[in-house]
Amino acid sequence: MFVCICVYLSVCVSLQEAELAARILLDQGQTHSVETPYGSVTFTVYGTPKPKRPAIFTYHDVGLNYKSCFQPLFQFGDMQEIIQNFVRVHVDAPGMEEGAPVFPLGYQYPSLDQLADMIPCILQYLNFSTIIGVGVGAGAYILSRYALNHPDTVEGLVLINIDPNAKGWMDWAAHKLTGLTSSIPEMILGHLFSQEELSGNSELIQKYRNIITHAPNLENIELYWNSYNNRRDLNFERGSEITLKCPVMLVVGDQAPHEDAVVECNSKLDPTQTSFLKMADSGGQPQLTQPGKLTEAFKYFLQGMGYMASSCMTRLSRSRTASLTSAASIDGNRSRSRTLSQSSESGTLSSGPPGHTMEVSC
């Protein structure tokens, strides 16, 4: 009898050790690659799937990978409450993952539409049915294109610095002229950060200038950059069938290079489904410079979708607010949304007829 008990305890200890090892492995992330009709794509999964909950699915901007784009946000202290409730999938665009070999000369890099068409292969591999997408710049465009094509699989979108428009002739002329006088790294930095940030040459700017300038896969980055500049117009139109059917939170920093594009995008989406967040003192990359404010806004967004009803709010809830009705009341109805504007003391910035509005000064 004593021997049986010892064996039983030994098995329990072994199981606990195995579970601990598995949890540590998941905390570090598990990296996978799948073949798609447009080439191989690499992604990293953190956490375990939660019953009846979508995966948080991220896609990064040009010049970055998932770590350099999203690590400051998802490692932020208040974000831990969110990531404990959702499995995360961080996608690296082809050739952008750490240690990626340089593509051979003449390689045809996928278009942004084709990159969006890779996503079903990832979800099928993971056996995930729905996602909440979080995209920045080119990644925001890719997730939007995917949502247009597969609306039933997208429960919500957080789109930072999205420009849904194709380049016009004037944009092309300016781009070509800039290309004659600026290097690829400098053009990409001008896409990521405001001119004020670049002129200030802060420690953050120096860090990302070094990352991009000395990237061993700079040739691959240039291919992704070219695909972004050759994007098609998403053709959003308020009241038409070509629109995002899920709740959307549009985010842009003050003085960001894409502020006008995000404002225009907001004017074309369903105001009852769309929140607009302009972040003060955040420059071109809010997820890097203001992870706390963005985390808090993300919590409100998830609550509006019926998730995390008991979440503890810290930053925005202590701020001066004009209305917290739509953000704080939870009834499980995921069709609701609101217009949320976080800017300076001058007030809100929104386009089109708003849903509920929350003014916040932080």
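Residues D117 and P37 form no side-chain contact, since every pair of their non-hydrogen atoms from C-beta on lies 4.5 Å or further apart. In this structure, the side chains of L192 and I188 come closer than 4.5 Å at one or more pairs of heavy atoms. Contact of the T58 side chain with the F74 side chain is registered, since non-hydrogen atoms from C-beta on lie closer than 4.5 Å. Contact check for Y46 versus V89: no side-chain heavy atoms found under the 4.5 Å cut-off. At a threshold of 4.5 Å between non-hydrogen side-chain atoms, the residues M96 and Y224 count as touching. I122 places a side-chain heavy atom less than 4.5 Å from the side chain of V91. For the pair F86/I132, a side-chain contact is recorded, criterion being any heavy-atom separation below 4.5 Å from C-beta on. No side-chain heavy atom of I131 sits under 4.5 Å from any side-chain heavy atom of I56.
Hydrophobic clustering (ILVMFWY, side-chain heavy atoms < 4.5 Å, transitive): Y109 and V34 are in one cluster. There is no path of hydrophobic side-chain contacts, each under 4.5 Å, that joins W225 to V102. In terms of hydrophobic clustering, with Ile, Leu, Val, Met, Phe, Trp and Tyr side chains grouped at heavy-atom distances under 4.5 Å, Y228 and Y107 are assigned to a common cluster.
Between N266 and T274 the shortest heavy-atom distance is OD1-CG2, 3.4 Å. In terms of heavy-atom proximity, P291 sits nearest to P72 at CB-O, 3.8 Å. Residues A147 and L244 share a closest heavy-atom pair of CB-CD2, 3.9 Å.
Side-chain atoms of H191 and N161 form no donor-acceptor pair, as typed in the model, at a separation below 3.5 Å. A donor-acceptor contact closer than 3.5 angstrom links the side chains of E155 and Y307. Side-chain contact check for S194 and E197: at least one donor-acceptor pair (N or O, by modelled atom type) lies under 3.5 Å. Remark: the Q287 side chain and the Q285 side chain contain an N/O donor-acceptor pair separated by less than 3.5 Å. Using modelled atom types, one finds no donor on one side chain facing an acceptor on the other under 3.5 Å when comparing T153 with T130. R231 and N165 share no side-chain donor-acceptor pair at under 3.5 Å. Using modelled atom types, one finds no donor on one side chain facing an acceptor on the other under 3.5 Å when comparing S227 with S111.
With rounding to the nearest 0.5 angstrom, the SG atom of C265 is 8.0 Å from the CG atom of L234.
We find that D270 and K245 are not joined by a salt bridge, their nearest charged nitrogen and carboxylate oxygen being 4.0 Å or further apart. The pair E264-K268 meets the salt-bridge criterion, since a charged nitrogen lies less than 4.0 angstrom from a carboxylate oxygen.
Ring centers of H90 and H60: at least 6.0 Å apart, outside the cut-off.
Side chain of S68 to backbone of N65: a donor-acceptor contact under 3.5 angstrom is found. Side chain of Q273 to backbone of L269: no donor-acceptor contact under 3.5 angstrom is found.
Under the ring pair (Phe, Tyr, Trp, His ring centres under 6.0 Å) criterion, F43 pairs with H32, Y125, sequence neighbours left out. The side chain to side chain contact (heavy atoms under 4.5 Å, CB included) test applied to D152 returns no partner, not counting sequence neighbours.
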Could you please spell out the steps behind the side chain to side chain donor-acceptor pair (under 3.5 Å) verdict for T31 and T44?
CA-CA 4 Å; T31 300; T44 305; 3.1 Å; yes
